[in-house]
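Working notes, structure below.
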Protein chains: 2
Amino acid sequence: MREFKRKARILLIDDNADHLRGIKELITLETNYDIAGTTTSANIGINLAKKYHPELIIMDVNMPEKDGLQAIQEIEKLNLDTKILVLSGYDDADLIFRAMKIGAKGYVLKTMASAQLIYAIDEILAGKVYLPSALSSRFFDYFQRSFKEEASASTEENLLTYLTSREEEVLELLTQGNNYKGIAGKLFISETTVKTHVNNIFQKLQVNDRTQAVLYALNNGFGKRIRSKISA
Amino acid sequence: MREFKRKARILLIDDNADHLRGIKELITLETNYDIAGTTTSANIGINLAKKYHPELIIMDVNMPEKDGLQAIQEIEKLNLDTKILVLSGYDDADLIFRAMKIGAKGYVLKTMASAQLIYAIDEILAGKVYLPSALSSRFFDYFQRSFKEEASASTEENLLTYLTSREEEVLELLTQGNNYKGIAGKLFISETTVKTHVNNIFQKLQVNDRTQAVLYALNNGFGKRIRSKISA
DNA sequence: ATTGATTTACATCTTTAGATTGAGAAAACA
DNA sequence: TGTTTTCTCAATCTAAAGATGTAAATCAAT
């Protein structure tokens with residue numbers, strides 16, 4: 001068992017009052033943690049979090065009144081030093097992914113054994129991120145699938161490779177929202193020259209205007225920035 | 001038809017010949033898997049993968065000749081039904097993240113106990129993704145940090161919220177590279193109306209032209225709608 | 001030494017984009 | 001009910017963008 005300076009306080013948020021009582025009892029009887037509060041309302045939960053800064057919040061994400069994920073985001077924005085464990089009825093990969101993305105430190109199913117929940121609480125309070133093996137697997141499947149398309153997209157002929165280095169410079173400035181004059185000024189060349197480059201870029205990228213050129217650039221790894229287009 | 005089970009074949013790629021022998025011996029003695037081949041060269045490894053389609057490849061990523069991650073990407077592009085377990089000397093979060101991103105099914109440190117390696121092999125061959133607890137924690141920290149900026153960026157006033165729903169539709173079509181005529185046609189309104197909307201969008205987003213509007217939209221989470229599939 | 005690609009530059013022309021003003025109709029709101 | 005917001009459309013104007021052709025200087029490679 002781990003030792004803490006003081007007993008960690010846990011806030012429970014679950015719209016099901018029975019379930020709430022069950023978890024409270026479980027934690028009271030089987031662990032050494034304190035219950036900072038319990039509520040069936042996400043909004044009240046957020047206020048309680050503000051007030052008590054609990055070490056951990058156990059949050060049900062299947063609430064009709066308010067989306068649990070949204071509640072998590074609001075709490076995260078407060079920048080309290082509070083960890084959040086998601087309790088959910090669904091082992092949906094997308095739900096797990098989104099919960100972890102917005103900062104949840106763990107995700108446990110309601111159908112899982114209570115020992116699983118306690119273990120997750122221990123791990124999270126010890127500073128780790130905890131996903132049960134099955135859910136972790138689901139997460140990574142989803143994670144890798146979401147990058148699969150990107151990879152295959154970069155497999156197909158990337159028209160950006162046909163650009164000369166000067167054209168790349170011009171395109172970069174285009175992707176920063178510059179007009180002809182701005183680009184000419186930054187590259188110390190005439191505006192007509194920029195027009196020539198831009199027209200050549202259009203030909204090579206097979207687009208009709210600068211907006212499409214910029215979109216093509218961004219969608220094909222120009223600047224190698226990691227863009228999460230997971231929702232699409 | 002029943003799939004007949006046979007011993008899974010493992011391909012080892014590690015530039016350190018001694019280490020290679022050690023792992024081979026470990027797998028031969030301690031497990032029931034076959035060694036499909038061993039090589040100290042990433043390029044030869046890729047060819048062996050093409051030839052034998054092993055169930056698993058254990059890949060060292062710390063090779064001077066060729067970047068292990070690059071080798072993994074090349075193998076992944078082949079779309080063999082081959083799983084890849086990364087063996088690395090570094091528990092660097094960025095390295096772990098990139099390895100998982102490009103499709104590695106696991107990541108184990110060389111300093112870890114051999115039992116850890118065997119367990120990882122078992123899990124991966126069983127169809128799971130396996131990261132040792134400590135590395136999993138590192139991965140999620142990195143993962144969540146990489147989304148933290150996005151979240152904090154959307155914390156500051158997002159001008160997109162001032163757009164009316166119609167303006168959002170217009171902006172969406174702008175981010176798809178449409179010109180006035182295209183947008184007018186798709187929304188069944190006149191071109192002049194589109195111009196009005198676009199000009200209002202410019203005012204609200206405080207930009208001067210469509211390219212800047214599109215860039216603002218993309219950089220501020222436009223299109224990331226929250227699909228909530230929660231029903232009691 | 002010649003070829004080919006790149007970078008630079010200009011003129012001309014057509015089209016599109018953007019700014020501004022005004023205004024009617026419908027829907028939302030108080 | 002009146003008021004405000006939103007959505008719609010138009011005319012007009014200026015500025016910017018884009019298409020096309022031509023061409024000179026540079027430089028790498030054959």
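Labels below follow one simple rule: chain letters A, B, ... track the order of the sequence lines, proteins then strands, and each chain is numbered from 1. Quick caveat: nothing in here was measured; it's all calculated off a predicted structure.
A:Thr196 has no side-chain polar atom (N or O) that falls below the 4.0 Å cut-off from OP1 or OP2 of C:dT8. A close approach under 4.0 Å does occur between a side-chain nitrogen or oxygen of B:Thr193 and OP1 or OP2 of D:dC9. Between B:Thr192 and D:dC9 there is no side-chain polar atom (N or O) within less than 4.0 angstrom of OP1 or OP2. The shortest distance between the side-chain N/O atoms of B:Thr164 and the OP1/OP2 oxygens of D:dC7 is below 4.0 Å.
Toward the 5′ end of DNA chain D lies the nearest nucleotide of B:Phe188, the other residue of the pair A:Glu191 and B:Phe188 mapping further downstream. Of the residues near DNA chain D, B:Asn200 and A:Asn208, the one whose nearest nucleotide (by heavy atom distance) lies more toward the 5' end is B:Asn200.
Backbone-only engagement by B:Ser190 is indicated by non-hydrogen atom pairs under 4.0 Å involving sugar-phosphate atoms exclusively.
For B:Arg166 and C:dA27, the CZ to P distance is 13 Å, given to the nearest whole Å. In this structure, B:Asp209 atom CG and D:dG18 atom C1' are separated by 15 Å, rounded to whole Å. Between the CZ atom of B:Arg210 and the P atom of C:dT15 there is a distance of 17 Å, given to the nearest Å. In this entry the distance linking NZ of A:Lys195 with P of C:dT15 reads 15 Å, nearest Å. Between the NE2 atom of A:His197 and the C1' atom of C:dT8 there is a distance of 7 Å, rounded to whole Å. Between the P atom of C:dT20 and the CZ atom of B:Phe202 lies a distance of 12 Å, rounded to the nearest Å. One can place CG of A:Leu163 at 16 Å from P of C:dA5, the figure rounded to the nearest angstrom. Between B:Ile189 atom CD1 and C:dA25 atom P the separation is 18 Å, expressed in whole Å.
More than 12 heavy atoms of other residues, nucleotides or ligands shown are found within 6.0 angstrom of CD on B:Gln176.
A salt bridge is defined here as a Lys NZ or Arg NE, NH1 or NH2 lying under 4.0 Å from an Asp or Glu carboxylate O, and B:Glu167 with B:Lys204 meets this definition. Between B:Asp141 and B:Arg138 there is no salt bridge, since none of the side-chain N atoms of the basic residue sits less than 4.0 Å from a carboxylate O of the acidic one.
Of the candidates D:dC9, D:dA17, C:dC10, the closest approach to any side-chain atom of A:Asn179 belongs to D:dA17. In the set C:dA17, C:dC10, D:dA17, the nucleotide with an atom closest to the side chain of B:Tyr180 is C:dA17. Taking only side-chain atoms of A:Val198, from C-beta outward, the nucleotide of C:dT8, D:dA10, D:dG18 with the closest atom is D:dG18. Checked against D:dA16, C:dA9, D:dC7, the side chain of B:Ser165 finds its nearest nucleotide in D:dC7.
With hydrogens and angles ignored, the 3.5 Å screen pairs a side-chain donor or acceptor of B:Thr82 with a backbone N or O of B:Pro54.
Between B:Phe143 and B:Phe140, the ring-plane angle classifies as perpendicular under the 30° and 60° cut-offs.
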